There are 2 protein chains.
Amino acid sequence: MTRTSVSHTDLVNASAIAVRSAIRDGSYAGHTAGLAAGKLQCNLAILPEKYALDFLRFCLRNPKPCPIVGVGDSGDPSLPTLGHDIDIRTDVSKYRVFRDGTLSEEVTDITDVWTDDLVTVALGCSFTFENALLRNDIPVRHIETGKNVPMFRSNIELVPAGPFHGQMVVTMRPIPESQVAQVKQISARFPQAHGAPIAVGDPAHIGIADLSQPDWGDAVEIKPGEVPVYWACGVTPQNVLLAAGLPICITHSPGHMLIADVAEDAETTIISKI
Amino acid sequence: MTRTSVSHTDLVNASAIAVRSAIRDGSYAGHTAGLAAGKLQCNLAILPEKYALDFLRFCLRNPKPCPIVGVGDSGDPSLPTLGHDIDIRTDVSKYRVFRDGTLSEEVTDITDVWTDDLVTVALGCSFTFENALLRNDIPVRHIETGKNVPMFRSNIELVPAGPFHGQMVVTMRPIPESQVAQVKQISARFPQAHGAPIAVGDPAHIGIADLSQPDWGDAVEIKPGEVPVYWACGVTPQNVLLAAGLPICITHSPGHMLIADVAEDAETTIISKI
């Protein structure tokens with residue numbers, strides 16, 4: 001059997017299940033931004049059951065950076081509330097496996113790593129509200145310029161749970177001052193995707209020294225008349241998981257999200273018939 | 001020390017902390033509808049840690065009937081994300097203690113029942129969206145007529161998790177047909193309080209035989225021009241907990257809710273400074 005490599009362009013209008021299938025059979029291994037338009041994309045955290053109760057508590061106490069959109073049974077790689085026939089071991093295009101808090105390997109399949117005590121937690125991601133901003137003609141600078149969103153460590157303390165604690169990571173998007181109120185309204189409609197901004201304006205207020213030096217991603221220009229607007233970021237739970245030094249945990253690689261069958265603007269992230 | 005009995009009227013404009021304090025010291029033991037206006041009121045489920053991961057998974061998979069608004073550490077009776085100085089053993093005016101799936105006792109204090117492995121889960125309640133309907137001049141029949149909201153077992157299957165499964169319990173409120181769209185919009189703003197209706201119209205479609213015979217609460221009149229509108233109900237998780245036959249679980253008594261310091265229309269149910 002010859003595997004045909006599928007391009008990003010081929011999958012823009014594909015269904016979520018078709019994208020997952022292309023990823024599963026190895027014919028697509030790229031990033032997922034813009035794929036399966038309109039479907040919810042998810043950050044991924046997979047960890048041993050022993051830590052799962054505390055991690056769910058942590059996420060529930062920090063819903064802005066860690067909005068839970070799906071959770072699997074212990075040892076079960078399916079996620080029936082998020083999509084038909086999802087196999088979390090194969091349906092994400094790139095994974096990071098961490099052991100004792102250190103990156104161990106980056107792989108396209110975790111079948112060999114999977115064990116019967118692992119619990120999958122899927123978390124909302126900023127693609128959802130970015131798409132809503134774009135639909136409302138609000139500029140999103142890093143998308144316009146083909147960059148990665150700038151991410152910063154803030155001084156906003158997270159509410160701890162068990163071994164999980166730390167500070168919130170935030171993303172920044174420059175927004176024309178006249179559109180900030182509208183941006184707040186639009187993004188607030190997506191509590192499953194970080195919701196409304198957590199801060200606007202002076203980066204020093206949330207402990208950011210220099211907007212031109214992001215901790216992850218790329219710096220973007222702030223034009224005259226624009227103000228920096230900050231959202232809680234899905235890198236937060238990844239950081240917190242790493243700092244907790246679990247014997248093993250697995251995340252998606254940045255930009256390589258799980259694509260669900262759920263519409264990104266659905267009222268809940270549970271598909272209605274399972 | 002003489003305990004002064006405090007009336008419901010005395011507490012309508014009291015702060016959440018003042019109401020909890022009156023409940024804690026035994027001077028108020030009534031229902032909480034209308035108290036501490038504007039503050040989030042919560043359904044309560046307390047269960048052994050052994051079952052907590054599955055119960056959180058169950059709630060997360062059924063967010064319409066079971067919207068989690070707070071969760072405690074194992075054995076810790078405080079809920080710092082919901083309010084200052086909450087002691088869940090004393091701050092609810094009436095509790096039901098169930099053993100092996102059967103009502104064991106109804107009490108005003110669970111200090112003697114509390115053990116180091118219990119986990120508190122607070123869930124959103126319909127007061128939140130009812131208040132929003134009233135603020136928008138939408139009639140709420142059972143409130144107008146001083147009755148308890150009618151509740152019905154539906155045939156809507158819940159997504160199971162571990163020992164937790166069953167059908168959704170729903171509430172019904174008659175709404176003028178011309179206002180149904182507005183009612184949907186308003187209640188959808190409160191995903192932490194059951195959100196938008198789950199059905200409108202013919203009760204047979206969701207397995208209800210007779211709207212004049214609610215399974216809990218009181219029947220209410222449906223006037224000409226009104227249609228029955230159904231919401232997911234917080235009795236659902238209580239039923240599911242009972243059916244699971246846990247050795248012990250504790251809930252609030254109907255109408256005797258936990259009052260949080262969080263505003264009922266806040267974006268998240270996490271108080272900002274803890």
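Within every chain, numbering begins at 1; the chains are lettered A, B, ... in the order of the sequence lines, protein sequences first and strands thereafter. Nothing here was measured: the structure is a model prediction, and the numbers come from that model.
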Check: chain A heavy atoms under 4.5 Å from Ser74(B): which part of the residue, side chain, backbone, both or neither?
Finding: both
Checklist line | chain A contact via Val119(B) - which portion, at a heavy-atom distance below 4.5 Å | finding: side chain
Notebook entry, point to check: Are Val159(B) and Pro80(A) side-chain neighbours, meaning at least one heavy-atom pair lies under 4.5 Å?
Noted result: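 Val159(B) does not reach Pro80(A) side chain to side chain.
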Check: So, do Pro191(A) and Thr268(B) sit near enough that their side-chain heavy atoms are less than 4.5 Å apart?
Finding: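 No, every pair of side-chain atoms sits at 4.5 Å or beyond.
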Next item on the list: Check Asp73(B), Leu53(B), Ile68(B) against Arg57(A) for a side-chain contact (heavy atoms from CB on, under 4.5 Å) and give me the one that passes.
Entry: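 Checked Asp73(B), Leu53(B), Ile68(B) against Arg57(A); only one passes side-chain contact (heavy atoms from CB on, under 4.5 Å): Asp73(B).
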Checklist line | Residue Glu157(B) excluded, over 12 heavy atoms near CD under 6.0 Å | finding: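 Count over threshold, so yes.
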Margin query: For the backbone of Gly195(B) and the side chain of Glu267(A), can you confirm whether one donor and one acceptor N or O come within less than 3.5 Å of each other?
Written below: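 The answer is no, because no donor-acceptor pair under 3.5 Å joins these two groups.
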Margin query: With a 3.5 Å distance limit and no angle check, can you tell me whether Arg61(A) reaches the backbone of Val71(B) through a side-chain donor-acceptor pair?
Written below: yes
Margin query: Using 0.5 Å steps for rounding, measure from the OG1 atom of Thr81(A) to the CG atom of Leu60(B).
Written below: 9.0 Å
